[in-house]
Asker: 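Pasting a structure below so you can have a look.
Chain letters run A, B, ... following the sequence lines, proteins first and then strands; every chain starts at 1.
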Number of protein chains: 2
Amino acid sequence: MLLHMAEFDGPLTSDALAGMMQTNPVVIRRILAGLRKEGLVHSEKGHGGGWRLAKDLESVTLYDIHLALGAPGVLALGHRTEAPGCLVEQAVNSAMGEAFDAAEALLLSQFQQITLASLSRDFHQRLDQRGITQQALSEAAHMRNCSDGDD
Amino acid sequence: MLLHMAEFDGPLTSDALAGMMQTNPVVIRRILAGLRKEGLVHSEKGHGGGWRLAKDLESVTLYDIHLALGAPGVLALGHRTEAPGCLVEQAVNSAMGEAFDAAEALLLSQFQQITLASLSRDFHQRLDQRGITQQALSEAAHMRNCSDGDD
DNA sequence: TTTCATGTAACTTACATTATTACATGAAAT
DNA sequence: ATTTCATGTAATAATGTAAGTTACATGAAA
């Protein structure tokens, strides 16, 4: 979504973004409200209002976004109990916890390497390969980018 | 659950296991049915029936169990669409996919290092630290191990 | 003053997981 | 043989979480 905002010149409304992301405007607002708290986006009310990126593409990583989204759990396999009385469970949690921590650390360290700028470059490369000219970086072009595929 | 079975001398019924795991007997059967297909456990009907480990503790790793459970997704953050038309989404999926694959590979490689035997050793170490004698490795002892804590 | 857009709370829907019920199958004890 | 016990499995219900929706307040520009 941030990349879509990056391509568009001017603010994008929750409605427009909801159309791109195929979801509800309120869902967009909920998500972007979190990102705004971390200074990633900026919003304006009223006529000509909407959402706008607040930072340079080079300075925002997937890790920043992850944190801004509340650092949700990355691993689907979870320990049930935090401090179980069962010693068997303690042993299992201990061993799996180490493995989980290592995997999560690796994932997040990679997130820190992925900037919005790098993703944007990749996106434009794919655009060129598809043979679409750079002329129209308008909302219409965005819509096309998102619906031109096979879905 | 397999470690509980390892400690107990003789077959354990779904009911007994459900008590230990604080869930329903049918849930136990469903799970263990999957493990049985991979040869990890064995079941017997009727009087004196129940569930029993089918393999040596040294020869079973968390990875084996993971596979036997159907190799469920390990990562909670997922791509929505498999082959999206949106080029932005393609770029994001590509970058995140690499990070995910690396993290998952690391986690599973660690699972391969963790055997039931190693977990059992850790468990017995914790038992000793708690000062419980080895004398009673009966079901009663199991129940105590699981309820003696602070939960 | 109207229109547009965000800000939020409250509520509803949808989905996946887990739990439960019910009953069939098979094995051992009586 | 028949009763008892335990798994095997399908069908259904309950639960919890995420997503979607409605409604309305707030603020800004036309």
Asker: For the side chain of B/T23, counting heavy atoms from C-beta on, which of C/dA19, C/dA5, C/dT8 is nearest?
Answerer: C/dA19
Asker: Take atom CZ of A/R29 and atom P of D/dG20, then tell me their distance rounded to the nearest Å.
Answerer: 14 Å
Asker: Does the structure show a Watson-Crick or G-U wobble partner for C/dA5, both distances under 3.5 Å? Name it, or say none.
Answerer: D/dT26
Asker: Test side chain to side chain contact (heavy atoms under 4.5 Å, CB included) on A/Q113 and A/Y63 and set out the steps.
Answerer: CA-CA 8 Å; A/Q113 307 301 315; A/Y63 181 69; over 6 Å; no
Asker: Pick the nucleotide of DNA chain D nearest each of B/R36 and A/G46; which residue has the one closer to the 5' end?
Answerer: B/R36
Asker: For B/G50 and A/K45, take the nucleotide of DNA chain D holding the closest heavy atom to each; which residue's nucleotide lies nearer the 5' end?
Answerer: B/G50
Asker: To the nearest Å, give me how far apart NE2 (B/H42) and C1' (C/dG26) are.
Answerer: 13 Å
Asker: Assuming nearest nucleotide by heavy-atom distance, tell me which of A/G49 and A/A33 is located more 5' along DNA chain C.
Answerer: A/G49
Asker: Could you check which of D/dG8, D/dT7, D/dA10 has an atom nearest any side-chain atom of B/T13?
Answerer: D/dT7
Asker: In whole Å, what is the span from the CG atom of B/L12 to the C1' atom of D/dT7?
Answerer: 14 Å
Asker: Nearest to the A/V27 side chain among C/dT6, C/dA22, D/dT21, which nucleotide is it?
Answerer: D/dT21
Asker: Measure the distance from NE2 on A/H47 to P on D/dT26 and round it to the nearest whole Å.
Answerer: 20 Å
Asker: Does the plane of the ring in B/H66 sit parallel, tilted or perpendicular to the ring in B/F111? Use 30° and 60° as the thresholds.
Answerer: perpendicular
Asker: Whole Å only: how far is the CE atom of A/M21 from the C1' atom of D/dG20?
Answerer: 15 Å
Asker: What pair of heavy atoms forms the shortest contact from A/S43 to A/R36, and how long is it?
Answerer: OG-NH1, 2.9 Å
Asker: Take atom CG of B/N24 and atom C1' of D/dA14, then tell me their distance rounded to the nearest Å.
Answerer: 12 Å
Asker: How many whole angstroms separate atom NZ of B/K37 from atom P of D/dT7?
Answerer: 18 Å
Asker: Consider only side-chain N and O atoms of A/E7 and A/H124, and report whether a donor and an acceptor are under 3.5 Å apart.
Answerer: yes
Asker: Tell me whether the side-chain N/O atoms of B/S43 come closer than 4.0 Å to OP1 or OP2 in D/dA6.
Answerer: no
Asker: Find the distance between CG (B/L75) and CG (A/L75) and round it off to the nearest 0.5 Å.
Answerer: 6.0 Å
Asker: What is the distance, rounded to the nearest whole Å, between atom CZ of A/R30 and atom C1' of D/dA18?
Answerer: 9 Å
Asker: Mind checking B/G48 for me? I need base, sugar-phosphate or nothing, with any heavy atom below 4.0 Å counting as a touch.
Answerer: nothing
